[in-house]
Amino acid sequence: VKKNGKNNWKFYSSLYDLEYMNPLLMETELYKALEQQQLLLHYQPKVNLATGEITGVEALIRWEHPVWGIIPPLDFIPLAEATGLIIPIGDWALESACRQLRKWHQQGFDTVVSVNVSMQQLHQPDLLGKIKQILKRNKLKPEYLELEITESVTADINQAISTLTALKKLGVKISIDDFGTGFSSFTYLKEFPIDTIKIDQSFLEGVPDSPKDETIIKAILSMGCNLHVNVIAEGVERKEQLIFLQKQHCNEGQGYFFSKPLPPEELEKLVPEIRQK
Ligand code: C2E
Ligand code: CA
Ligand code: CA
Ligand code: CA
């Protein structure tokens with residue numbers, strides 16, 4: 001029996017659930033997942049809040065285990081980070097997102113893909129080289145790839161800064177994810193070559209009932225404007241939130257109000273350039 005975050009009790013009755021909770025077994029299975037192609041990416045559109053157009057798509061990883069079913073990233077990314085498996089998984093995600101983007105470009109869907117990148121990946125001295133190769137293999141300009149970085153404690157901020165600076169120079173876009181929730185938001189903003197801030201969805205949850213959350217969002221938007229950094233709001237679920245963001249001149253949003261993350265063939269149904277064919 002395990003107590004989960006939402007204050008209710010979850011009972012692990014079946015053998016599968018017990019296996020699922022075992023990190024050693026999960027590590028072995030995750031290793032197999034990479035070899036046996038059980039990992040996949042779903043894509044969630046980012047939307048221009050003034051025009052409704054899709055400005056980009058975020059790739060979000062899923063694990064389709066043959067027995068356990070679909071496993072959400074928060075159930076295995078932390079383990080992948082702890083075991084070092086995040087490196088091959090991260091390489092796979094970058095390659096796979098770029099391959100999909102290439103296909104979309106050929107179909108006339110001229111969008112940008114955002115890929116989530118863990119701090120550990122930024123500590124690899126050869127990440128720049130890897131990304132250059134991936135872009136070349138898939139015949140993509142660097143401007144079409146965005147990396148979303150989540151704030152976390154980092155052992156070697158200097159390595160991360162130099163990797164990001166080199167990527168930015170190449171033309172790759174850099175965004176800070178979950179902005180406002182880490183303990184180093186402003187340090188990141190100051191030290192990293194940032195193109196975009198993603199306001200964490202927890203702040204939008206309070207709109208329109210919490211004046212505090214609204215004030216925080218307004219402050220982030222105004223700071224973004226003054227720093228010439230693009231700002232996107234994530235977790236847009238309701239009409240009132242959209243109206244609030246439009247009123248604050250927030251240009252971009254992402255959330256269930258527009259679309260859940262979808263498998264590529266489902267996302268294509270939302271894309272006029274592909275639908276018309
Ligand atoms: P994230 O990057 O902050 O992604 C946003 C999460 O919020 C996604 O959960 C998405 O499905 C969910 N979401 C989107 N719109 C809404 C909304 O309107 N309301 C609510 N309540 N949620 C919304 P998901 O896909 O479960 O991913 C969770 C986290 O796992 C991601 O958070 C990211 O930190 C991590 N992750 C996902 N894919 C990768 C990956 O390829 N590599 C790494 N390192 N981390 C990943
Ligand atoms: Ca993200
Ligand atoms: Ca986020
Ligand atoms: Ca998050």
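All figures in this text were calculated on a predicted structure; none of them were measured in a lab. For this chain, numbers begin at 1 and follow the sequence in order. Indexing begins at 1, ligand by ligand and atom by atom, following the structure's order.
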> Which of the numbered atoms in ligand 1 are below 4.0 angstrom from a heavy atom of E58?
Replying inline: 2 (O), 4 (O)
>> Heavy-atom contact check, 4.0 Å cutoff: does R62 meet ligand 1?
In response: yes
>> Parallel, tilted or perpendicular, judged at 30° and 60°: which one describes the rings of F192 and Y188?
In response: tilted
> If you measure from OG on S175 to CG on L147, what distance do you get to the nearest 0.5 Å?
Replying inline: 9.0 Å
>> For ligand 1 and Y256, I'd like to know whether there is a polar contact (N/O to N/O, distance under 3.5 Å).
In response: yes
>> Rounded at 0.5 Å granularity, tell me how far CD in Q36 sits from CD in E64.
In response: 13.0 Å
> Is E29 paired with K32 through a side-chain N to carboxylate O contact shorter than 4.0 Å?
Replying inline: yes
> Is any N or O atom of E237, backbone or side chain, closer than 3.5 Å to an N or O atom of ligand 1?
Replying inline: yes
>> Counting only nitrogen or oxygen atoms and a 3.5 angstrom limit, does E148 reach ligand 1?
In response: no
> Distance only, no hydrogens: is a donor on one side chain within 3.5 Å (strictly under) of an acceptor on the other, for Q159 and T163?
Replying inline: yes
> Using heavy atoms and a threshold below 4.0 Å, how should the contact between H42 and ligand 1 be classified: side chain, backbone, both, or neither?
Replying inline: neither
> Is there at least one pair of N or O atoms, one from F257 and one from ligand 1, spaced under 3.5 Å apart?
Replying inline: no
> So which bit of P261 gets within less than 4.0 Å of ligand 1, heavy atoms only: side chain, backbone, both or neither?
Replying inline: side chain
>> For Q254, which part has a heavy atom under 4.0 Å from ligand 1: side chain, backbone, both, or neither?
In response: neither
>> At less than 4.0 angstrom from any non-hydrogen atom of L74, what atoms of ligand 1 do you find?
In response: 28 (C), 29 (C), 30 (O)
>> Going by the closest heavy atom to atom 45 (N) of ligand 1, which one wins out of D200, N116, L204, D75?
In response: N116
> Taking the minimum heavy-atom distance to atom 28 (C) of ligand 1, which of S114, S96, P73 ranks first?
Replying inline: P73
> At under 4.0 Å between heavy atoms, which part of V236 makes contact with ligand 1: side chain, backbone, both or neither?
Replying inline: backbone
> Strictly by modelled atom types, are E146 and S114 linked by a side-chain donor-acceptor pair under 3.5 Å?
Replying inline: yes
>> Distance check, rounded to the nearest 0.5 Å: S118 atom OG versus I89 atom CD1?
In response: 9.5 Å
>> Can you tell me how far apart NE2 (H42) and CG (L60) are? Round to the nearest 0.5 Å.
In response: 9.5 Å
>> By the ring-ring contact (aromatic ring centres under 6.0 Å, His included) test, which pairs, at least two apart or in different chains, include something from residues 207-249?
In response: none
> Out of curiosity, is S118 lining ligand 1, as in a heavy atom under 4.0 Å away?
Replying inline: yes
> Under the side-chain hydrogen bond (donor to acceptor under 3.5 Å, both in side chains) test, which residues partner K168, sequence neighbours left out?
Replying inline: D195
>> I'd like to know if the side chain of Q120 pairs up with that of E81 as donor and acceptor (distance under 3.5 Å, no hydrogens or angles considered).
In response: no
> At a non-hydrogen distance cut-off of under 4.0 Å, which region of D177 contacts ligand 1 (side chain, backbone, both, or neither)?
Replying inline: side chain
>> If I only include protein atoms of type N, O or S, how many are less than 3.0 Å from the Ca ion (ligand 2)?
In response: 4
> Would you say F179 and I232 are hydrophobically clustered, going by side-chain heavy atoms of ILVMFWY under 4.5 Å?
Replying inline: no
>> As an exercise, state the distance from CD1 of I54 to OG1 of T111, rounded to the nearest 0.5 Å.
In response: 7.0 Å
Donor-acceptor contacts under 3.5 Å from residues 256-274 side chains, at least two apart:
{"unit_1": "E266", "atom_1": "OE2", "unit_2": "K269", "atom_2": "NZ", "d": "3.2"}
{"unit_1": "E268", "atom_1": "OE2", "unit_2": "W104", "atom_2": "NE1", "d": "2.9"}

>> Under a plain distance cut-off of 3.5 Å, with no hydrogens placed, do D91 and Q121 share a side-chain donor-acceptor pair?
In response: no
> What are the atoms of ligand 1, with element, lying closer than 4.0 Å to any heavy atom of D178?
Replying inline: 3 (O)
> Quick one: does ligand 1 sit under 4.0 Å from the side chain of Q44, the backbone, both or neither, non-hydrogen atoms only?
Replying inline: side chain
>> Checking contacts here: is it the side chain or the backbone of Q201 that comes within 4.0 Å of ligand 1, counting heavy atoms only? Could be both or neither.
In response: side chain
